[in-house]
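Down below is the structure, laid out as structure tokens.
So that the names make sense, note that chain A is the first sequence line, chain B the second, and so on, each numbered from 1. Reckoned from all heavy atoms, side chains included, excluding hydrogens, waters and symmetry mates.
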Amino acid sequence: NAGVMQNPRHLVRRRGQEARLRCSPMKGHSHVYWYRQLPEEGLKFMVYLQKENIIDESGMPKERFSAEFPKEGPSILRIQQVVRGDSAAYFCASSPPQSYEQYFGPGTRLTVT
Amino acid sequence: AQSVTQPDIHITVSEGASLELRCNYSYGATPYLFWYVQSPGQGLQLLLKYFSGDTLVQGIKGFEAEFKRSQSSFNLRKPSVHWSDAAEYFCAVATNFGNEKLTFGTGTRLTIIP
């Protein structure tokens, strides 16, 4: 059983470009969480999704950020018009229904130049 | 809202020595508690968890943690550290069944010296 997969592992974008981060959960997991880790800080919750539904987006910035988890395919975290402050590691985690155990992917390290 | 405090930003221990990493939480009831480890450039790996029952829980890689309700603490311990234990350690809590998002502490970086 493959683990949580994230791609790309590293992403470089210029200010104003769009960043798309992908997360494929573990097989059988229908819940996906996105977290952001700024340098020298812990992980901060961004958004919690189930298939085709956003359950909690209280940690998402109100502008430029969006997330989806379609019926088919990976979950996508999209950042429009990136700024230098978006540079961070973005982690995805997945879990089966009604479980507190989250399994983390290796992360996508976004650098905005 | 719940919060997690890891008071030690950086700890250095000698290989073979014992280890204790501190974690305190703030929440009105007993949350679900976790310890994760992150090696440089990697994702997070679950070391152990506490949901209920026995307050001393065993995890992977020889780690254990003890939940103390009176102190709102969930400290991580290991009797004898190995050089491969050098990493960043995060304590986390989850509080809402049906929305299992995690709240993390800021982490403790562990350095092992020969």
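Looking at B:Lys101, both its backbone and its side chain come within 4.5 Å of chain A, counting heavy atoms on both sides. For A:Ser58, the part lying near chain B is the side chain, with the backbone staying farther off; criterion is any non-hydrogen pair under 4.5 Å. The part of A:Tyr35 that comes within reach of chain B is its side chain, from C-beta onward, which places non-hydrogen atoms under 4.5 angstrom from that chain. The contact between B:Gln38 and chain A is made entirely by side chain atoms (from C-beta outward), counting heavy-atom distances below 4.5 Å.
Aromatic ring centroids of B:Phe104 and A:Phe45 lie 6.0 Å or more apart.
Atom CD of A:Gln81 sits in a sparse spot, with 12 or fewer heavy atoms from other residues, nucleotides or ligands closer than 6.0 Å. Around the CD1 atom of B:Ile60, the shell of radius 6.0 Å holds more than 12 heavy atoms that belong to other residues, nucleotides or ligands. Around the CE atom of A:Met60, the shell of radius 6.0 Å holds more than 12 heavy atoms that belong to other residues, nucleotides or ligands.
If you tally non-hydrogen atom pairs under 4.5 Å between each of A:Arg9, A:Lys44, A:Gln6, A:Arg109 and chain B, the highest count goes to A:Arg109. With chain A as the partner, the residue from B:Gly107, B:Gly41, B:Ala94, B:Ala92 showing the most heavy-atom pairs under 4.5 Å is B:Gly41.
A continuous path of Ile, Leu, Val, Met, Phe, Trp and Tyr side chains, each step under 4.5 Å between heavy atoms, connects B:Val13 with B:Trp35, placing both in one hydrophobic cluster. Hydrophobic clustering, with ILVMFWY side chains joined whenever heavy atoms are under 4.5 angstrom apart, keeps B:Phe90 apart from B:Val81. B:Phe63 and B:Phe34 are assigned to two separate hydrophobic clusters, defined by single-linkage of ILVMFWY side chains at heavy-atom distances under 4.5 Å. Note: the hydrophobic cluster containing A:Val82 also contains A:Phe65 (ILVMFWY, side chain heavy atoms under 4.5 Å, direct or indirect links). When the side chains of ILVMFWY residues are joined at heavy-atom separations under 4.5 Å, either directly or via intervening members, B:Trp83 and B:Val37 end up in two distinct hydrophobic clusters.
Remark: A:Leu43 CG to B:Leu102 CG distance equals 9.0 Å, nearest 0.5 Å. How far CZ of A:Phe104 is from CD of B:Gln42: 14.0 Å, rounded to the nearest 0.5 Å. Distance check, rounded to the nearest 0.5 Å: CG of B:Leu46 to OH of A:Tyr100 gives 14.5 Å.
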Q.
Let's go through A:Glu101 and B:Tyr32 carefully: what are the C-alpha distance in whole Å and the side-chain angles of both, what is the deciding distance for side-chain contact (heavy atoms from CB on, under 4.5 Å) to 0.1 Å, and is it a yes or a no?
A. CA-CA 10 Å; A:Glu101 290 200 34; B:Tyr32 298 97; over 6 Å; no
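Residues B:Glu100 and A:Tyr33 have side chains that bring a donor and an acceptor to within less than 3.5 angstrom of each other.
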